[in-house]
Amino acid sequence: MKGIENILSFFSKGSKRSILIKKNIIASFFIKGWSALVQFLLVPLTLACLGEYENGVWLTISSVLLWINNLDIGLGNGLRNKLAVYMARGDNDKAREMVSSTFIMLCIIITPVLIILLLFEVYSDNYRLFNVDIGLIGNLDIVLYVATILVCATFIFKFIGNFYMGLQLPSVNNFIGSIGSTLALLGTFIIYLFGNRSLLLVASVNLSAPLLVYLLAFPITFMGKYKFLSPSFKYIKKTSIREIFSIGFKFFALQIPAVLLFFTSNILISKLFNPAMVTPYQIAYRYFVMTMTLFSIICVPYWTATTDAYEKRDFEWIRRANRTLNRFVLLLFFIIVCMILLSRPVYSVWIGDNSDVPFSMTVIAGLYQFLLIYSMRYSYVLNGIGALRLQLIFTILAAAIYIPLATLVCHLTHDINYLLLVMCVVHVPGLVVNIIQYHKIMNGTAKGIWIK
């Protein structure tokens with residue numbers, strides 16, 4: 001009985017904000033844990049369906065199309081922050097204006113983007129662009145058309161996730177994502193069983209699954225509990241659009257160089273080496289997905305909660321949250337080290353003989369994942385505060401340096417590991433600045449560029 005009382009006490013102690021974070025962390029632990037398992041299983045299953053070469057092409061295409069998710073000019077994250085602010089103030093009308101204005105702007109943005117992308121794909125030599133052998137994949141153009149349409153449709157409705165994040169309910173966003181991943185896994189497994197293992201089918205199943213879930217989540221959300229926040233034409237206001245853009249554009253400017261850093265690696269590997277080399281790199285990268293999942297479970301709720309705390313000038317709560325996050329990042333470091341040491345036997349069970357991942361690649365991928373986690377741990381708190389300028393400057397510098405430096409290093413060494421090392425190196429300055437800025441803001445010594 002005492003154990004049960006302690007558990008109940010854990011959920012009832014602290015501020016309302018802290019209690020909500022705890023509940024979301026527990027819910028997200030199970031939801032994102034399942035989602036991570038699904039992603040883990042998708043790797044060998046997709047590899048078995050497509051083979052190393054075709055799988056590498058699919059990974060490259062999917063990474064390019066993920067750029068579309070970041071073309072919302074920061075509206076998603078702008079909604080997330082502004083919704084949290086107005087819900088904290090109890091201003092439901094302004095909150096609904098934010099939701100309505102964001103939704104219509106997403107529709108307006110994606111329509112010309114879809115047309116331009118399709119025209120580009122129709123009149124481009126896609127085989128040369130992706131360094132793909134037409135003798136091995138004969139329907140690359142059709143795959144690109146279908147994938148582009150599905151991703152653009154998902155672009156509009158994925159704002160449901162940002163809506164729940166703004167309500168400090170990241171576990172609901174995670175739940176929606178996990179259902180989409182599960183459907184993708186089931187669809188890919190059916191393709192594997194029936195033996196019709198084409199790239200077109202795999203791409204269609206993996207991209208249509210999340211779209212279907214978002215389409216179902218939209219009416220469930222806005223015709224039920226949150227009907228009072230549902231998008232409506234009469235709540236679309238120019239002032240609200242400008243307000244979202246004021247902070248959203250900063251997030252957008254921050255996202256673009258981040259996208260170049262995170263998603264161009266597959267393209268560089270495909271162009272500088274060959275598409276087949278993308279597969280072992282992605283296996284090594286995805287091997288550490290569990291650590292990023294754990295990081296997201298704990299840290300993502302602190303973004304919007306920090307916005308709420310900063311709006312109410314509750315700096316002591318932010319400091320306590322910072323100490324908690326520091327302990328958690330240290331735990332993740334030890335988990336990554338253990339995963340590196342156990343990588344060989346895990347790979348043999350996970351992917352068998354379908355691909356060979358060098359140990360050196362695993363070590364560098366683990367280092368990169370830790371640097372990413374450590375930097376994002378401070379970024380989430382700074383994002384919640386709205387301190388984006390320095391992050392933007394250093395992310396742009398990292399992106400500007402990364403591609404030419406990686407290309408030069410690969411031409412000199414002809415070794416993919418050096419490309420991964422460049423990825424690590426360009427993240428270090430931004431990490432150092434994030435740490436310094438956080439402490440300056442908390443100590444009240446931030447001035448000029450260090451404030452925002």
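All values reported here derive from a predicted model rather than from experimental measurement.
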Can you tell me how far apart OG1 (Thr102) and CD1 (Ile156) are? Round to the nearest 0.5 Å. 13.5 Å
Decide if atom CZ of Phe130 counts as having more than 12 heavy atoms of other residues, nucleotides or ligands within a radius under 6.0 Å. yes
What distance do His439 atom NE2 and Asn434 atom CG have between them, rounded to the nearest 0.5 Å? 11.0 Å
Using side chain to side chain contact (heavy atoms under 4.5 Å, CB included), reason through Leu129 and Phe120 one step at a time and then give a plain yes or no. CA-CA 11 Å; Leu129 181 65; Phe120 177 79; 4.1 Å; yes
Going by the angle between their ring planes, with limits at 30° and 60°, are Phe40 and Tyr287 parallel, tilted or perpendicular? tilted
For a side chain to side chain contact (heavy atoms under 4.5 Å, CB included) check, start with the C-alpha distance between Asp356 and Tyr347, then their side-chain angles and the critical distance, and finish with the verdict. CA-CA 9 Å; Asp356 178 47; Tyr347 286 151; over 6 Å; no
So, for Thr279 and Leu59, which heavy atoms are closest and what is the spacing to 0.1 Å? CA-CD1, 4.2 Å
Here the gap from Ile109 atom CD1 to Ile104 atom CD1, rounded to the nearest 0.5 Å, amounts to 10.5 Å
Under a 4.5 Å cut-off applied to non-hydrogen side-chain atoms, are Tyr285 and Tyr368 in contact? yes
Applying side chain to side chain contact (heavy atoms under 4.5 Å, CB included) to Phe370 and Thr291, what does each step give before you reach the verdict? CA-CA 9 Å; Phe370 176 72; Thr291 58; over 6 Å; no
Distance-only check: which donor-acceptor pairs under 3.5 Å involve side-chain atoms of residues 324-343, not counting sequence neighbours?
{"from": "Thr324", "atom 1": "OG1", "to": "Arg320", "atom 2": "O", "distance (Å)": "3.2"}
{"from": "Asn326", "atom 1": "OD1", "to": "Arg377", "atom 2": "NE", "distance (Å)": "3.2"}
{"from": "Asn326", "atom 1": "OD1", "to": "Arg377", "atom 2": "NH2", "distance (Å)": "3.2"}
{"from": "Ser343", "atom 1": "OG", "to": "Ile340", "atom 2": "O", "distance (Å)": "2.9"}

Sub-3.5 Å donor-acceptor pair from the side chain of Tyr438 to the main-chain atoms of Ser379, do we have one? no
Residue pair Gly187 / Val205: nearest heavy atoms and the distance that separates them: CA-CG1, 3.6 Å
Sorted by chain and residue number, the side chain to side chain donor-acceptor pair (under 3.5 Å) partners of Tyr374 (sequence neighbours excluded) come out as none
State, yes or no, whether a side-chain contact exists between Thr188 and Cys49 at a heavy-atom distance under 4.5 Å. yes
Within the distance-only criterion (no hydrogens, no angle test), does the side chain of Arg286 pair as donor or acceptor with the backbone N or O of Gln39 below 3.5 angstrom? no
Inter- and intrachain pairs under side-chain hydrogen bond (donor to acceptor under 3.5 Å, both in side chains), touching residues 404-419, at least two apart: Ser360-Asn417
Can you see which heavy atom on Trp58 is nearest to which on Val202, and at what distance? NE1-CG1, 4.4 Å
For residues Asn206 and Ala184, report the shortest heavy-atom separation together with the two atoms involved. OD1-CB, 3.9 Å
Does the side chain of Leu419 reach to within under 4.5 Å of the side chain of Val409, using non-hydrogen atoms? no
Could you tell me whether a side-chain N or O of Asn139 sits under 3.5 Å from a main-chain N or O of Ile142, the two making a donor and an acceptor? no
Test side chain to side chain contact (heavy atoms under 4.5 Å, CB included) on Leu140 and Ile134 and set out the steps. CA-CA 8 Å; Leu140 180 64; Ile134 193 171; over 6 Å; no
How far does OG of Ser375 sit from CD of Gln391, to the nearest 0.5 angstrom? 7.5 Å
Between Phe273 and Tyr281, is the ring centre distance below 6.0 Å? no
Do Val38 and Ser178 have side chains that approach each other closer than 4.5 Å (heavy atoms only, starting at C-beta)? no
Heavy-atom distance under 4.5 Å between the side chains of Glu52 and Pro280, does that happen here? yes
Return the minimal non-hydrogen interatomic distance between Leu117 and Cys152, and the atom names on each side. CD1-SG, 4.5 Å
Looking only at heavy atoms, what is the nearest atom pair of Phe155 and Leu106, with distance? CE2-O, 3.6 Å
When rounded to the nearest 0.5 angstrom, what distance separates CD1 in Ile436 from OH in Tyr378? 11.0 Å
Please examine the side chains of Tyr402 and Leu268, heavy atoms only from C-beta on, and report whether any two atoms are closer than 4.5 Å. yes
pair Ile283-Leu47: side-chain heavy atoms closer than 4.5 Å: yes
To the closest 0.5 Å, what do you measure between CG (Leu372) and NE2 (His427)? 5.0 Å
Check: Ser181/Trp34 side-chain N/O donor and acceptor closer than 3.5 Å: no
Is the shortest heavy-atom distance from the side chain of Pro429 to the side chain of Val433 under 4.5 Å? no
